[in-house]
Amino acid sequence: MERPLTTPAPASAEGARAYLDLLAREASALEFEGPILQARAAGADAATLEELEQAKVAALKVRAMLRRRARREAELSALFDTAGDLAGLRDLDAVLEAIVHRAKQLLGTDIAYMTLNDPERGDTYMRVTDGSISADFRRLRLAMGAGLGGLVAQTGTPYNTADYFADPRFRHTTTIDGAVQEEGLVAILGVPLRLGPQVIGVLFAANRSARPFAQEEVALLCSLAAHAAVAIDTARLLQETRAALAELSGANAVISAHSQAIERAADAHDRMTGLVLRGGGVEDVAAVVTEVLGGRLTVLDDEGRPLVGEARELDAGVFDAAQSSRALGRTVKRGDAYVASVDVGAAPLCTLVLRTDRPVSDTDQRILERAALVTALLLLFRRSVAEAEGRVRGELLDDLVSRPELRGLRDRARRLGVDLDAPHVLVVARHDGQRERAAFWASSQATLAHGLAAARGDEVVLLLPGDRPGALARRVAAELTASLGRPATAGAAPAAGPGAGQDAGQTGQAGEPGGGPVTSVAAAYAEARRCAGALVALGRTGDGASAEELGFVGLLVGERREVAGFLSGVLGPVLDYDARRGTALVTTLTAYFGTGGSLSRTAEALHIHVNTVTQRLDRVGQLLGVDWQEPDHALEIQLALRLHRLRTHMPDA
């Protein structure tokens, strides 16, 4: 009987090549049965099949070894990448998410997540998840010791379970079990995140189906957990370092700003001190303040009036702030204004108001307070000097008025910068109260004008250079009224120039030949007083004038009683017109007033037509003003007409 034809059995060398091909293309374990099945189908003998079986076992061992090495290489690569993430740590969340994602990939699980301990609440909360589908699971908080994660966090030991719900080792709670069930987890592996002896959290890998976790997987997850712990600690250290650097930077900025402020304050103090020593004034101190602090500065005196700056920037709040500043001894802020005020004996002396758009530090406020003190010292010094000089000037003026016969008056005046040989005007200003302020004002004015001033009861007396008594009297009345806040009335009279005393029949003081201006001061004082009294009597309180400006009243109060001057002031235009045109306006006026203001009787008296009288009187109105028939003006005109007639008949009058 013939044996059936069969395919020759593959040689062992061919089998080896077949398994090498399978290994080269990373075939599955099932495909390694292919060569044996082919040989068996080809009728290979038992020895050949045994040889192929041994080759298969060896190839599978090689395959397993290659897979382990590939897995280890992937794990090492993941750990290396994680270490790189730690080296360039910028965002902790990104690093932790990368670690959790790598755990999920390397262990081949459905989900990976990380929980961290919360020392304040005493539990564990979900920090990062990868693969989660349940919102409740991502918000889950685990009580210490509850569930697998709680047990890992409490004991610091890795735990894993192939079937969580069937594992009695864990303390199950409704909250945890509900979240795990909603996520569909079955197999869970958890390893601790350690920082030294302290457990700060747990890293998990979990499956939605039952599966065991090999020891290599536990070790790998522990390695990733160690990296995560290092990342968290590094982030904490970085945060603390950044916070410390920020704190140091802030402290350095504060110290630098404080140092600059101290240097600025010292510089401002030195400059203000230098100003005082060099005789600087309030304006110079204000300039230093605005240069150092910026803004706009207003300096107020004891009455709240600006010495520097503008009053329009002030309001009621500023004055309230000034009162508070004096009470506290510190700068007070009101809106955009910083107010520093100084008082002496509970009376305000000066107030500095700084307006600026930027905040003023405490140190810079001390500069403003120092400037207020320096300003107060300058004002006190100025006041003391003014009072001392005022007393000297007042004593000299009193002697000129009351005792002109004293020797050395000219020398005393010369030492004060007053030239008694130059034309002067003596002004007497009457006021109602505030004697001290009126005296201070008068002394200041006299010092500025190189004159003299004295206070006598409710009046101040000034001897000022000039030759226009009326204008000077009005200026003194206006300025003193503004200073006191109530009416002041001023009368003025000229104090004669050189030789005038001799012309007037005065003898001069002993030992000082030709002492005209000295001997004329007393007479000028008497005339100015009468002039001021006449203004008050005429109801012109608050006004100023000289005797020449009072019309016929001036004839009563003036020392010289200058009729010619009076006539010129009242009738001058009419007299000049008659002289130029050859008209009879003066005659017409005399007749008009003589007939009681009757046009018809004036025409009869002058033997002219009424229309002619009207035309002449219209011309008079053009020359003397439209009010020439008002009672006061008409009275002066009638008196002037009578004096003119007397002078016409008495040339020496």
Side-chain angles (χ1 to χ4, degrees), residues 71-118 123-142 147-153 158-165 175-195 199-214 216-235:
R71 182 183 182 88
R72 184 60 179 165
E73 183 180 352
E75 292 173 357
L76 291 174
S77 177
L79 293 175
F80 180 78
D81 292 341
T82 302
D85 291 341
L86 291 177
L89 179 64
R90 293 294 182 270
D91 185 353
L92 177 62
D93 288 340
V95 174
L96 295 181
E97 288 172 2
I99 291 174
V100 171
H101 180 69
R102 286 170 188 148
K104 176 175 177 289
Q105 284 185 323
L106 292 175
L107 271 67
T109 56
D110 298 324
I111 181 174
Y113 54 96
M114 181 188 296
T115 61
L116 294 180
N117 294 347
D118 187 344
D123 62 1
T124 301
Y125 66 95
M126 195 68 70
R127 182 69 168 80
V128 182
T129 64
D130 188 352
S132 174
I133 59 175
S134 169
D136 289 341
F137 186 79
R138 290 192 293 271
R139 294 192 297 265
L140 184 64
R141 299 188 75 94
L142 309 176
L148 184 147
L151 185 60
V152 172
Y159 279 91
N160 70 84
T161 178
D163 189 347
Y164 175 78
F165 290 101
T175 303
I176 298 175
D177 288 356
V180 172
Q181 188 172 16
E182 182 175 344
E183 189 64 49
L185 302 182
V186 177
I188 304 176
L189 167 61
V191 298
L193 301 175
R194 286 182 174 277
L195 281 179
V199 177
I200 63 172
V202 180
L203 179 61
F204 295 90
N207 244 25
R208 294 188 174 90
S209 60
R211 64 160 282 187
F213 289 97
E216 293 82 359
E217 293 176 318
V218 175
L220 174 61
L221 198 61
C222 285
S223 297
L224 291 172
H227 282 80
V230 171
I232 293 171
D233 191 46
T234 302

>> Is there a side-chain contact (heavy atoms from CB on, under 4.5 Å) between Asn207 and Val186? Walk through the geometry before answering.
In response: CA-CA 6 Å; Asn207 244 25; Val186 177; over 6 Å; no
Distance in Å, [X] [atom1] paired with [Y] [atom2], rounded so as to fall on 0.5 Å steps:
X	Y	atom1	atom2	answer
Leu185	Asp177	CG	CG	11.5 Å
Leu224	Arg102	CG	CZ	8.5 Å
Met114	Ile232	CE	CD1	5.5 Å
Asp123	Leu140	CG	CG	9.5 Å
Arg141	Met126	CZ	CE	10.5 Å
Leu193	Arg127	CG	CZ	11.5 Å

For residues [X] and [Y], report the shortest heavy-atom separation together with the two atoms involved.
X	Y	value
Tyr164	Gly147	OH-CA, 3.6 Å
Val180	Ile188	CG1-CD1, 4.3 Å
Val199	Pro192	CG1-CB, 4.1 Å

>> One thing to verify: whether Lys104 and Asp110 come together as a salt bridge, which I'm taking to mean a side-chain N less than 4.0 angstrom from a carboxylate O.
In response: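 No, Asp110 and Lys104 are not salt-bridged.
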> Using 4.0 Å as the upper bound for N to carboxylate O, is an ion pair formed by Arg211 and Glu217?
Replying inline: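 Salt bridge: yes.
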> Backbone N or O of Ser134 within a donor-acceptor pair of the Glu183 side chain at under 3.5 Å?
Replying inline: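 Between the backbone of Ser134 and the side chain of Glu183 there is a qualifying donor-acceptor contact (under 3.5 Å).
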>> Between Thr109 and Gln105 (side chain of the first, backbone of the second, donor and acceptor by atom type, cut-off under 3.5 Å), is there such a pair?
In response: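 Side chain of Thr109 to backbone of Gln105, a donor-acceptor pair under 3.5 Å: no, none is there.
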> Between Leu148 and Phe204, is a side-chain contact (heavy atoms from CB on, under 4.5 Å) present by the stated rule, with each step listed?
Replying inline: CA-CA 10 Å; Leu148 184 147; Phe204 295 90; 3.7 Å; yes
> Does a donor on one side chain and an acceptor on the other come within less than 3.5 Å for His101 and Glu97?
Replying inline: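 The criterion, which ignores hydrogens and geometry beyond distance, is not satisfied for Glu97 and His101.
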> Cut-off 3.5 Å, side chains only: do Asn117 and Thr124 have a donor facing an acceptor?
Replying inline: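 Result is yes, a qualifying pair exists.
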> When the ring planes of Tyr113 and Phe137 are compared, do they come out parallel, tilted or perpendicular, using 30° and 60° as the limits?
Replying inline: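 The arrangement is perpendicular - the two ring planes meet at more than 60°.
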> After noting the C-alpha distance and the side-chain angles of Leu107 and Leu189, does the key distance pass the side-chain contact (heavy atoms from CB on, under 4.5 Å) rule?
Replying inline: CA-CA 10 Å; Leu107 271 67; Leu189 167 61; 3.9 Å; yes
> Should Val191 and Val152 be marked as a side-chain contact (heavy atoms from CB on, under 4.5 Å) after you check the CA-CA gap, both sets of side-chain angles, and the distance that decides it?
Replying inline: CA-CA 7 Å; Val191 298; Val152 172; 5.7 Å; no
